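Chain identifiers are assigned alphabetically (A, B, ...) following the order of the sequence lines, protein sequences preceding nucleic acid strands; residue numbering begins at 1 within each chain. All values below come from the heavy atoms of this structure, side chains included, with hydrogens, waters and symmetry mates left out. Just so it is clear, the model here is predicted, and its values are computed rather than measured.
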Amino acid sequence: MRQIWPGQAEQVYRVCFPSRVRPCHSRRVRASGERDAAIPAALLAWYDLHARKLPWRAPPGLPPPDPYSVWLSEIMLQQTTTAAVAPYFAAFTARWPTVETLAAADEAEVMAAWAGLGYYARARNLIACARAVAAGGGHFPRMLEGLRALPGLGAYTAAAVAAIAFGERAAVVDANVERVVTRLDAIAVPLPLARKTLPARVLAMTPEVRPGDFAQAMMDLGAAVCTVRRPRCLACPLAAFCAGFREGDSERYPVKPPKPDKPARTGHAYWIARGDQALLVTRPGTGLLGGMRALPDDGWNARTDGALPPPLPGPWRIGGTIQHSFTHFSLSLHLAVYSGSDWASVAALPGAWWPFGQIESAGLPTLFLKAARLGMAQGETE
DNA sequence: TACCCGTGGAG
DNA sequence: TCTCCAAGGGT
């Protein structure tokens, strides 16, 4: 591990910020600038040795992957772990290798391919973004403003694509970077407020050389060293610059407000099977699990919290219960299994019949996949 | 601003 | 088992 000491800072500053005028008007400003310059040098040296190998990433110092791969991976990685993303990234790039092929894809197929990854608005925005880019000639905007205007790209993702795919100097601030910087600066202000100052702080540290590697190095550091619990400060290349470490309790940053507890909801999903087929529907295009295939249900998501589901409207029995936890509420979903034989009325229901053998790959979100597996385990009905 | 929006792994 | 939370964005 390469260590940077104060005497090296001036040289490091020239390496990382070749075109910037060296701040020397006051000792305090110069000290701050030297620290901000030493940080990327130490971090990049660490990254050269410890970078994670990821399918959507170029090794340290090498040219980046194509912008399509960078964009696709960044969308998938929003609030999602690298382990969860890897198989989806492989499947998407194999099936839709360019932004033009994705733009031309059938929407239902893209939604089905996204099933299980969560936050399905990302998939809807993914299609809209691909079509916007393809309509403009197939090239992603290079600069921050153009990227930020695309559907599904907020401040973080626009900056990440600009830095990683195009080598633009941009403030890439995700939860990892928030954690690293609030610890480096020992920011005791709670995050919702402190968040406003972080982009400027991160931009001040971001080097003109290798800004994409710098961003990915910050995230790798947050994932492997500057972790939420029990950070490995003794192995950290930035410990010498870290006010949180100097205080002896970097773990207390970032300061976050308490979270409201999750309410509980209850509802039914309907398992209507005849022979070896079951009825599936497509949910409305917006809202929870919007646009995804699903089992019919009794509208549990629209009911106010605590309300009980309406009585079952016919010959049903309860085939089991699925416990599922969403971001902001937990759900007890009872599986109501149709036990009647009024197949004329059943045939009039909206939806489509799916053979059991195709339900696993029908593109059901996890909640409904669990419910469908429970249904198929009931045995065939007739 | 505050809330809505999935899922699975780590501890 | 249960809590926390991840390469956030939209409204």
Asks: Give the rounded distance in Å between these two atoms: NE2 of H324(A) and C1' of dT7(B).
Replies: 7 Å

Asks: Holding to side-chain contact (heavy atoms from CB on, under 4.5 Å), I want the full list of residues that pass it with S361(A), two or more places apart in sequence or in another chain.
Replies: none

Asks: Reading DNA chain C 5' to 3', which nucleotide is the first, and which the last, to come under 4.0 Å of any heavy atom in chain A?
Replies: dA6(C) to dG10(C)

Asks: Report the distance from atom CZ of R229(A) to atom P of dA10(B), rounded to the nearest whole Å.
Replies: 11 Å

Asks: I need the full list of ring-ring contact (aromatic ring centres under 6.0 Å, His included) pairs touching residues 127-178 of chain A, with sequence neighbours left out, sorted by first then second residue.
Replies: W71(A)-F140(A)

Asks: I want to confirm an ordering. Mapping K370(A) and H328(A) to their closest nucleotides on DNA chain B, which one lands closer to the 5' end?
Replies: H328(A)

Asks: Rounded to whole angstrom, note down the C1' distance from dG9(C) over to dT1(B).
Replies: 15 Å

Asks: In terms of the nearest nucleotide of DNA chain C, which residue is placed more toward the 5' end: A155(A) or V228(A)?
Replies: V228(A)

Asks: Within residues 180-195 of chain A, which residues have any heavy atom lying less than 4.0 Å from an atom of DNA chain B?
Replies: none

Asks: Identify, residue by residue, the members of residues 106-118 of chain A with a heavy atom below 4.0 Å from DNA chain B, and return them in order of residue number, or none.
Replies: G116(A), L117(A), G118(A)

Asks: Among residues at least two apart in sequence or on other chains, which ones pass side-chain contact (heavy atoms from CB on, under 4.5 Å) with T98(A)?
Replies: E100(A), T101(A)

Asks: I need the CZ-P distance between R124(A) and dC4(B), as an integer number of Å.
Replies: 16 Å

Asks: Expressed in angstrom and rounded to an integer, what is the separation of Q323(A) atom CD from dG8(B) atom C1'?
Replies: 17 Å

Asks: Passes side-chain contact (heavy atoms from CB on, under 4.5 Å), L43(A) versus L238(A)? Steps please.
Replies: CA-CA 7 Å; L43(A) 185 63; L238(A) 304 185; 4.2 Å; yes

Asks: With a 4.0 Å cut-off on heavy atoms, is S73(A) in touch with a base, just the backbone sugar-phosphate, or nothing at all?
Replies: nothing

Asks: Can you sort out the partners of P284(A) under side-chain contact (heavy atoms from CB on, under 4.5 Å), two or more places apart, ordered by chain and number?
Replies: none

Asks: Is L147(A) linked to Y68(A) within one hydrophobic cluster, defined over Ile, Leu, Val, Met, Phe, Trp and Tyr using a side-chain heavy-atom separation of less than 4.5 Å?
Replies: yes

Asks: I'd like to check the side-chain contact (heavy atoms from CB on, under 4.5 Å) partners of D220(A); sequence neighbours left out, ordered by chain and number.
Replies: W46(A), Y47(A), A51(A), R52(A), R57(A)

Asks: Say whether V281(A) and L374(A) are linked into one hydrophobic cluster, either directly or through other cluster members, by side-chain heavy-atom distances under 4.5 angstrom.
Replies: no

Asks: In whole Å, I'd like the distance from the CZ atom of F329(A) to the C1' atom of dC3(B).
Replies: 13 Å

Asks: Taking dA7(C) as the reference, what is the distance to dA2(B) when you measure between their C1' atoms (whole Å, please)?
Replies: 23 Å

Asks: Okay, side chain of R183(A), backbone of C242(A): is any donor-acceptor separation there less than 3.5 Å?
Replies: no

Asks: Counting only non-hydrogen atoms, which of residues 74-88 of chain A are less than 4.0 Å from DNA chain C?
Replies: E74(A), L77(A), Q78(A), Q79(A)

Asks: Whole angstrom is fine here: how far is it from NZ in K196(A) over to C1' in dT1(B)?
Replies: 11 Å

Asks: Less than 4.0 angstrom between a side-chain N/O of Y120(A) and OP1 or OP2 of dT7(B), yes or no?
Replies: yes

Asks: Quick one: salt bridge (charged side-chain N to carboxylate O under 4.0 Å, His left out) pairs with a partner in residues 123-147 of chain A, sequence neighbours left out?
Replies: E107(A)-R131(A), R142(A)-E168(A)

Asks: Give one of base, sugar-phosphate or nothing for L369(A), where a contact means two heavy atoms less than 4.0 Å apart.
Replies: nothing

Asks: Round to a whole Å and report the spacing from CD1 of I322(A) to P of dG8(B).
Replies: 12 Å

Asks: Taking the side chain as every heavy atom from C-beta outward, state whether W114(A) and I75(A) have any atom pair closer than 4.5 Å.
Replies: yes

Asks: Kindly say whether L280(A) contributes a backbone atom to a donor-acceptor pair with the side chain of R293(A) at under 3.5 angstrom?
Replies: no

Asks: In terms of the nearest nucleotide of DNA chain C, which residue is placed more toward the 5' end: T327(A) or G154(A)?
Replies: T327(A)

Asks: Within this structure, what is the CD-to-P distance between E251(A) and dG11(B), rounded to whole angstrom?
Replies: 12 Å

Asks: Output a table of donor-acceptor pairs, distance under 3.5 Å, between side-chain atoms of residues 82-89 of chain A and any protein atom two or more places apart or on a different chain; print 'none' if there are none.
Replies:
from	atom 1	to	atom 2	distance (Å)
Y88(A)	OH	A115(A)	O	2.7

Asks: Would you please say whether a donor-acceptor pair under 3.5 Å links the side chains of R122(A) and Q79(A)?
Replies: no

Asks: Name all pairs fulfilling the side chain to side chain donor-acceptor pair (under 3.5 Å) condition that reach into residues 238-258 of chain A, sequence neighbours left out, sorted by first residue then second.
Replies: E247(A)-Y253(A)

